[in-house]
Structure formats: C-alpha cells, structure tokens
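Here is the structure we will look at, set down as structure tokens.
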Amino acid sequence: MLNSIKSFIRETFNKHGYELQKSKLLTASDDPFFILSKLLCPDEVNSIVDAGASIGETSKRLSNFFPKAKIYAIEPFPSFFKTLSCLSKDNYNICAHNIALSNFNGKSKLNINKSEGTNSLLDTNLEYLEIFDNLLKKEDQIEVNCTTLDSFTEENKIESLDIFKLDLQGYETKAIEGASNFLQNNKVGVILCEIIFENIYKGQGNSFELMNYLVEKFSFKFFNLYQKLYHKGELIQADAILIHKSKFDEIWTNCEKSFHAHSKFLL
C-alpha cells in the first residue's frame, strides 16, 4: 500500500512538471567525497593527498570513505594545523604536514583573511570583497614554508596517489605546476579540485585553461562539477572531479552500478 501511495504522489508531481527526489539523495549526489566513494573501490584506495586540509574535516571524511588509505593532510595556517595535528593523533591514517603546496620549494607569504577559510598565497581582487561580505579582506600576513607535490612525494616516498584533492583558494594552478613530473608519469588516479571561475584572487589563473591542461597534457577526463556556488545567477566556483585514463575502465564499471543512465543521481 505504501509503495502504491508513493508511486501515485510521484506520478502526480511529474504530471505537473515537478520531479520528486529524496533530500538525502539530492545531498549525496552533490557531495564529491561521497561520489568518489562510488567511483572508486574503497578498499583499493591506498594513498591520498589532501592539499588545503584546513582543520581536517575533509581528511576525516576521506578516511571514513577509504579506511585503508594513508592521507597526507597539507595545511600551512598554524591555527588550522594545530587542530589538524590533534586529529591526526586520533586517526593514524592521517598524517599532518604544516606546509603549503606550491610550484616551488621555499618560503612565501600567506594572506590571513577575515574568514580564515579563504586564506590564500594570493591577494584578493578588491572588487570581489562586497560579493563575499568582506570575508576575503586581508587582516594579516604570515610567512609559511612551501613545497611542490613532486618534492613532497619524493620526500615521503609516495609512489602514486589514488586521489589528489586541492582546495587552495585560487592557488590550484600553481600547485598543479609543481606536480608536473608526478602527473607526467601517470601517478595520480583522480583529482578533486576547487575551480574558481571568476578572478577572485590575483594571479589565480584561468579555470578553463587549468582543466584543459589536465585533459590535454596529462590524459585526465573531466567527470562533473559539484557544490556549485552562484552569485546573481552566475557560476562563481565549484568542485571538479577529473579522472585519469588509467582509471577509466574501473570507474565506468562502477558508474553503471551507481548512477541512473541519464542522470547525475545515484541509484
């Protein structure tokens, strides 16, 4: 009886041009971390870099989804790193590193903004302050150590990465430049990268050129965008998943098991 009622309600909504979906399904289908757990075989994910790990919430989620993975959580801001370091002591799969990922090895200035979650190695374009209620306004600046992914993986004896996650507030292009040798040798399976479509940070690089660079030079395929942020109807930023050609067969098989044929929604 209950299923009949559900079917009747769904058909009624469809007749009037509406689609009825479970709220949990809508949330899960727009969660890039949950999507990764469906695209990949969780027990076969062994190594993850979480660049821009903040206080460790993403590292913790990745550890829950991929329990056998070693997670290298990279965070330059001392206050965030302190919390991240405490988390790593309770979760031996998470290894915290107080450093910034870049395209060079050395030191740089980290801008500390009103909203510390927007801290960046890049200056903010002032025209965007109002859009974000001055949350991007610089209030301090500190010196931090920087490394490239190529150097980081060599130093930590990381042979390959199943997931390379970047949330660097406009600095993603620079970090990708510093990973060129690792990427050139086909050692990254999946990239989860924040893509900013407006020039919110000075010198952040073109988002479309970044994705095309990964596709054309390193044989990645763009999969989808998640958690899109808009301003007055314009797409400002989103999280992108890109898949390396070496993972195509595995992931497409998992897609058939997890997604509707003509929809982003999970089964």
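Just so it is clear, the structure is predicted and the values come from calculations on it, not from any experiment. When reading the values below, keep in mind they use all heavy atoms of this one structure, side chains included, and skip hydrogens, waters and symmetry mates.
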inquiry  = Are more than 12 heavy atoms, taken from residues, nucleotides or ligands other than K70, located less than 6.0 Å from that residue's NZ atom?
reply    = yes
query = Can you find a heavy atom in the side chain of D162 that is under 4.5 Å from one in the side chain of F66?
reply = no
inquiry  = S108 vs E143, test: side-chain contact (heavy atoms from CB on, under 4.5 Å). Steps then yes/no.
reply    = CA-CA 6 Å; S108 187; E143 188 174 73; over 6 Å; no
ask   = Is L210 linked to L192 within one hydrophobic cluster, defined over Ile, Leu, Val, Met, Phe, Trp and Tyr using a side-chain heavy-atom separation of less than 4.5 Å?
value = no
inquiry  = Counting only heavy atoms from other residues, nucleotides and ligands, does the tally under 6.0 Å from CD of E139 exceed 12?
reply    = yes
ask   = Are M211 and L229 grouped together when hydrophobic residues (ILVMFWY) are joined by side-chain heavy atoms under 4.5 angstrom apart?
value = yes
ask   = Would E194 and E172 satisfy side-chain contact (heavy atoms from CB on, under 4.5 Å), going step by step from the backbone distance to the final call?
value = CA-CA 8 Å; E194 183 178 73; E172 290 80 9; 3.8 Å; yes
ask   = With a 4.5 Å limit on heavy-atom distance, are the side chains of F65 and L36 in contact?
value = no
ask   = Are E250 and K247 ion-paired here, with the side-chain N under 4.0 Å from a carboxylate O?
value = yes
inquiry  = Could you walk me through whether N46 and E44 satisfy the side-chain hydrogen bond (donor to acceptor under 3.5 Å, both in side chains) test, starting with their C-alpha distance in whole Å, then the side-chain angles of each, then the deciding distance to 0.1 Å, before giving a yes or no?
reply    = CA-CA 6 Å; N46 299 306; E44 297 178 7; over 6 Å; no
query = How many angstroms lie between atom CG of L110 and atom SG of C146, to the nearest 0.5 angstrom?
reply = 8.5 Å
ask   = After noting the C-alpha distance and the side-chain angles of S59 and D50, does the key distance pass the side-chain hydrogen bond (donor to acceptor under 3.5 Å, both in side chains) rule?
value = CA-CA 6 Å; S59 294; D50 180 2; 2.6 Å; yes
K202 with D123: basic N within carboxylate O range, under 4.0 Å = no
query = What heavy-atom pair brings G170 and I196 nearest, and what distance separates the two atoms?
reply = N-CD1, 3.7 Å
request  = Drop me the distance from S29's OG to K264's NZ, to the nearest 0.5 angstrom.
outcome  = 6.5 Å
ask   = Relative to the ring of Y226, is the ring of F223 parallel (under 30°), tilted (30 to 60°) or perpendicular (over 60°)?
value = parallel
message = Under a 3.5 Å threshold, yes or no: a donor from one side chain and an acceptor from the other, between N254 and E256?
response = no
request  = Go through F208 and F197 one step at a time and tell me if the ring pair (Phe, Tyr, Trp, His ring centres under 6.0 Å) criterion holds.
outcome  = CA-CA 8 Å; F208 297 102; F197 296 96; 5.5 Å; yes
query = Rounded to the nearest 0.5 Å, how far apart are CD1 of I191 and CG of L183?
reply = 5.5 Å
message = Looking at E130, I'd like to know if its CD atom is crowded, meaning that more than 12 non-hydrogen atoms belonging to other residues, nucleotides or ligands lie closer than 6.0 Å.
response = no
inquiry  = Quiz question: by atom type and distance under 3.5 Å, do the side chains of S115 and T118 form a donor-acceptor pair?
reply    = no
task = Please determine, by modelled atom types, if N145 and K107 share a side-chain donor-acceptor pair under 3.5 angstrom.
result = yes
query = Counting only heavy atoms not in Q141, do more than 12 sit closer than 6.0 Å to its CD atom?
reply = yes
request  = Among residues two or more places apart or on two chains, list those pairs meeting ring-ring contact (aromatic ring centres under 6.0 Å, His included) that have a residue in residues 86-119.
outcome  = H97-F152
ask   = Transitively linked via ILVMFWY side-chain contacts under 4.5 Å: L168 with I74?
value = yes
query = Are T147 and L101 close enough that some pair of their side-chain heavy atoms sits under 4.5 Å apart?
reply = yes
task = Would you please indicate if the ring centroids of Y213 and F218 are separated by under 6.0 Å?
result = yes
key: Minimum-distance pair of heavy atoms, taken over all atoms of S47 and A69   = N-CB, 4.3 Å
request  = Heavy atoms only: give me the nearest K174-N103 pair and the separation to one decimal.
outcome  = O-CB, 3.1 Å
request  = Go through the steps to decide whether F265 and H260 satisfy the test ring pair (Phe, Tyr, Trp, His ring centres under 6.0 Å), and finish with yes or no.
outcome  = CA-CA 6 Å; F265 292 121; H260 288 281; 7.5 Å; no
Value rounded to 0.5 Å, distance of CG in L84 from OG in S79 = 11.5 Å
ask   = Distance only, no hydrogens: is a donor on one side chain within 3.5 Å (strictly under) of an acceptor on the other, for S120 and Y171?
value = no
L39 side chain reached by C255 side chain, heavy atoms, under 4.5 Å = yes
request  = For K221, look at atom NZ and say whether over 12 heavy atoms of other residues, nucleotides or ligands are found less than 6.0 Å away.
outcome  = no
task = With rounding to the nearest 0.5 Å, note down the distance linking CD in Q204 to CD1 in I195.
result = 10.0 Å
ask   = Under 4.5 Å between any side-chain heavy atoms of N111 and T124, yes or no?
value = no
ask   = Any ion pair linking D140 and K114 (charged N to carboxylate O, less than 4.0 Å)?
value = no
